[in-house]
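Structure first, commentary second.
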Protein chains: 2
Amino acid sequence: MPYSSNPLVRKLFAFAPLTVEEQAGLASVQSSPILVPRGKEVFREGQNGHRVFIIQAGWASSYKELPNGSRQIINIPIPGDCVGLRSVLLRTSDHGFSVLTDASLTTIDAPRMQQLFDEFPAIRAAFLWSAARDEAMAVEHLVGVGRRSALERTAHFFMELAERLMMVGLGTETQFKCPLNQYVLADALGLTPIHVNRVLRVLRERNLLTLRAGSVLIQDLPGLIKLASYRSVDNRTDRGN
Amino acid sequence: MPYSSNPLVRKLFAFAPLTVEEQAGLASVQSSPILVPRGKEVFREGQNGHRVFIIQAGWASSYKELPNGSRQIINIPIPGDCVGLRSVLLRTSDHGFSVLTDASLTTIDAPRMQQLFDEFPAIRAAFLWSAARDEAMAVEHLVGVGRRSALERTAHFFMELAERLMMVGLGTETQFKCPLNQYVLADALGLTPIHVNRVLRVLRERNLLTLRAGSVLIQDLPGLIKLASYRSVDNRTDRGN
DNA sequence: CGACGCTTTGACACAACTCAACAACCGTGG
DNA sequence: CCACGGTTGTTGAGTTGTGTCAAAGCGTCG
């Protein structure tokens, strides 16, 4: 088990054991926490990306907007997650980033990041692993939007979320806080808010899952797994079925 | 301009100038080309990913399959593209990979890759950049499937393809060979083959784009750009609009 | 209390899917 | 040379999942 209270350290530790020095280095390059009010756009698409943001507390979203006004949410970062790694590499951000609740963020700027990587190769490896996992999640997201029905996709979304939240100690197998409203869910799932509402109703009526008052209650995990043909985030890359 | 005939060297050179030594190193770690017959699955989801494949010639696809038999194509790699970088990091592949035409591939195994990175940091940086760009394309793909109509999405797909092919000298602004059949297009676009057919008809009837006999002819580039609100791959990360 | 943000519901429209043929193309073999 | 089968493309008719538009319900907070 990790010792640090820093969510990023905790998360990277889950990928690979880090020495005390590495943990300390990782913690020390981060800025002091910045408090961001709910709804605030931290950076927007096209903006220069010279640093990485790490969620300490709160929920966020990264997304792209189209000229016609619609929006696709790419990812819902939660505590411990990094945002903007790709932006640093590409120099500018290809997506917007805003927080959905009051949140606390730290940052690492590009030069410090580089120094850290040079000094601690294990940290570089851990970041690469984490980034690869994020990308795998984006790919799974693409599959969902391209080939799963609204119902399957929604079920899948909540199970993945549950799993991620559990890993950072923000929920159990069957229950977690979820401050996402139906507009946000719609933009994440590639649906309209109205249809999200209908889908949620079906999930509720089938006693699979209930979202009420900012909390998700998973009532029938096997049923959901079957419905969405869900595979655990960490087993997606396992052999066979 | 790059001097090497190796497509990977050419491509990475486009990201950052590489010294002669770096180019030589990059070429020398690659296996000799493997010829793969059209339709062959090179690796499948869940398989161990201990090496990266580089397309020398031919077309390919990486995809995920769902238990219900449907399939979502993640990417259509063309010469110069790498497949399986993420798989190396995550130890197993989260997607399948097969070639669509007779193709020639080289590989780099994980340990050699690591040596190369240690010896030539610039190559590591170039790979990271390339990987970031690929991920940005996947994200754009997600946006398309989530928030663009079938027509817009299809138009977008072909323009992006045109641009990528042009970069490796396999097409012009308005014309390129395209051996993708409507089933493949359907799996890439998240549509049914039948609907792809109808969409292609509309594009043809509006004198925007014609796919015939394995070749795409772009008849009205401004019209397509407007229809799909397309932005060039390399300008997606530019500031503003 | 009213205003606001969010959820819920209903009626209807439409984009995309399904099912079912048929047509064009192409390589193969008689 | 033509006949053939397999693959790919094309078209039509009907269905359905999801979107659109419009309105009402419901908490909460100032």
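Order of the sequence lines fixes the chain letters, A, B, ..., with proteins taken first and strands second; residue numbering starts at 1 for each chain. Reckoned from all heavy atoms, side chains included, excluding hydrogens, waters and symmetry mates. Nothing here was measured: the structure is a model prediction, and the numbers come from that model.
One interatomic measurement links the two molecules: NE2 of His195(B) to P of dT8(D), which rounds to 21 Å at whole-angstrom precision. Computed from coordinates, the Arg201(B) CZ to dA24(C) P distance equals 15 Å when rounded to whole Å. When rounded to the nearest whole Å, the span between CG of Leu151(B) and P of dC14(C) equals 17 Å. Between Ile194(A) atom CD1 and dG19(D) atom P the separation is 9 Å, expressed in whole Å. Between Leu189(A) atom CG and dG17(D) atom P there is a gap of 18 Å when expressed in whole angstrom units. When the C1' atom of dT8(D) is taken as reference, atom CG of Leu200(B) falls 13 Å away, rounded to whole Å. Taking atom CG of Leu211(A) as the reference point, atom P of dT7(C) lies 7 Å away to the nearest angstrom.
Atom OG1 in Thr172(B) sits 8.0 Å away from atom CD1 in Ile218(B) (nearest 0.5 Å). Considering CZ of Arg44(A) and OG1 of Thr92(A), their distance stands at 14.5 Å, rounded to 0.5 Å.
Applying side chain to side chain contact (heavy atoms under 4.5 Å, CB included) to Trp59(B) and the options Leu170(B), Asp102(B), Ile78(B) leaves one that passes, Ile78(B).
When the side-chain nitrogen and oxygen atoms of Gln182(B) are compared with OP1 and OP2 of dT7(D), none of them lie within a distance under 4.0 Å.
Gly39(B) comes within contact range of no nucleotide atom at all, as no heavy-atom separation falls under 4.0 Å. Note on Arg38(A): only backbone sugar-phosphate atoms sit closer than 4.0 angstrom, heavy atoms only; bases stay farther off. Nucleic acid contact for Asn197(A): base, since at least one base atom lies under 4.0 Å from a heavy atom of the residue. In this structure, Leu191(A) reaches the sugar-phosphate backbone alone: every heavy-atom distance under 4.0 Å involves primed, P, OP1 or OP2 atoms, never a base.
Counting only heavy atoms from C-beta on, Ala150(A) has its side chain closest to dT18(D) among dT18(D), dT8(D), dT11(D).
Taking 4.0 Å as the cut-off between side-chain N and carboxylate O, Asp220(A) and Arg206(A) do not count as a salt-bridged pair.
The salt bridge (charged side-chain N to carboxylate O under 4.0 Å, His left out) pairs that include a residue from residues 155-181 of chain A are Asp81(A)-Arg164(A), Glu160(A)-Arg236(A), where partners are two or more places apart or lie in different chains.
A residue-by-residue look at Arg148(B) and Tyr183(A) shows that Tyr183(A) has its nearest nucleotide of DNA chain C further toward the 5' end. Nearest-nucleotide positions on DNA chain D for Asn181(B) and Val196(A) put Asn181(B) closer to the 5' end. Comparing Arg198(A) and Arg212(B) by the nucleotide of DNA chain D whose heavy atom lies nearest to each, the residue mapping closer to the 5' end is Arg212(B).
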